[in-house]
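First up is the structure itself, then whatever we jot down about it.
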Amino acid sequence: MGFYSGRDGELYIAGSSTKAAKVQSWSFSSSMAVLETTSLGDTDRTLKAGVRSYSGSCRLFYYVASPASGADSNLHAILTNSIKTGSDAGDGTNDASNKIVLKLRLTTGSTDIRDIKFSVFITGVSMSTAVGEVASADISWEADGAPYGNVTLLD
């Protein structure tokens with residue numbers, strides 16, 4: 001019997017087969033609405049399954065992969081797909097945000113890999129920096145549809 005820890009977690013962004021570097025944490029949650037089917041004369045409440053939804057968050061550290069190349073961290077893919085800039089201040093007609101793919105993984109080696117993959121809209125980005133700390137960004141997301149692909153995290 002083994003336990004997973006935070007060091008066993010990985011995050012993949014935008015369908016990349018390379019894990020996102022400098023990820024401090026990720027989380028997801030699932031919820032389901034229920035539809036009541038109780039009718040007059042019933043003595044106990046009855047339910048049917050309703051619509052499911054998935055949401056989550058992650059914290060990424062902001063860094064430059066190679067100062068010589070000017071390459072940005074994996075945060076760049078999230079920011080450019082969720083934050084759209086306009087040509088003028090107050091411009092209210094910017095492009096819509098794009099969906100991206102996030103794959104959350106727990107692994108303890110090449111034979112024990114557990115994944116769950118979502119197509120998501122980024123619903124929140126909060127960046128911060130403080131003296132004595134690495135600059136970071138907290139990202140929140142909502143899934144568009146069910147998890148898909150080879151979902152092994154649930155096995």
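As a basis for the values below, the full set of heavy atoms in this structure was taken, side chains included, without hydrogen atoms, waters or symmetry mates. All values reported here derive from a predicted model rather than from experimental measurement.
Under the rule for a ring pair (Phe, Tyr, Trp, His ring centres under 6.0 Å), Tyr12 has no partner lying at least two apart in sequence or in another chain. Partners of Arg7 according to the side chain to side chain contact (heavy atoms under 4.5 Å, CB included) rule, which considers only residues two or more places apart in sequence or in another chain, are Ser5. Residues that satisfy the salt bridge (Lys or Arg N to Asp or Glu O under 4.0 Å) test with Arg114, not counting sequence neighbours, are Asp112. For Glu133, the side chain to side chain contact (heavy atoms under 4.5 Å, CB included) partners are Ala130, not counting sequence neighbours. In this view, Asp138 and Arg59 satisfy the salt bridge (Lys or Arg N to Asp or Glu O under 4.0 Å) rule, not counting sequence neighbours.
Under the 3.5 Å distance criterion, with hydrogens and angles disregarded, a donor-acceptor pair is assigned to the side chains of Ser29 and Ser55. Residues Thr37 and Thr46 have side chains that bring a donor and an acceptor to within less than 3.5 angstrom of each other.
Across all non-hydrogen atoms, the minimal contact from Leu35 to Ala49 is CD1-O, 4.0 Å. Heavy atoms only, all atoms of each residue included: Ser97 and Ser82 are closest at OG-O, 2.7 Å. For Pro147 against Ile116, the heavy-atom pair with the smallest separation is CB-CG1, 3.8 Å. Here the closest non-hydrogen pair linking Glu10 and Thr107 is OE2-CG2, 3.4 Å.
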Would Ser31 and Ser53 count as a side-chain hydrogen bond (donor to acceptor under 3.5 Å, both in side chains) if you check the C-alpha gap in whole Å, the side-chain angles of each, and the deciding distance to 0.1 Å?
CA-CA 5 Å; Ser31 64; Ser53 65; 2.9 Å; yes
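Listed by first and then second residue, the side chain to side chain donor-acceptor pair (under 3.5 Å) pairs involving residues 143-152 are Lys99-Asp144 (not counting sequence neighbours).
Here Ser136 contributes atom OG and Leu60 contributes atom CG; the two are 9.0 Å apart, rounded to the nearest 0.5 Å. With rounding to the nearest 0.5 angstrom, the CH2 atom of Trp141 is 4.0 Å from the CZ atom of Phe118.
A donor-acceptor pair is defined here as one N or O able to donate and one able to accept, closer than 3.5 Å; such a pair exists between the side chain of Ser140 and the backbone of Gly124.
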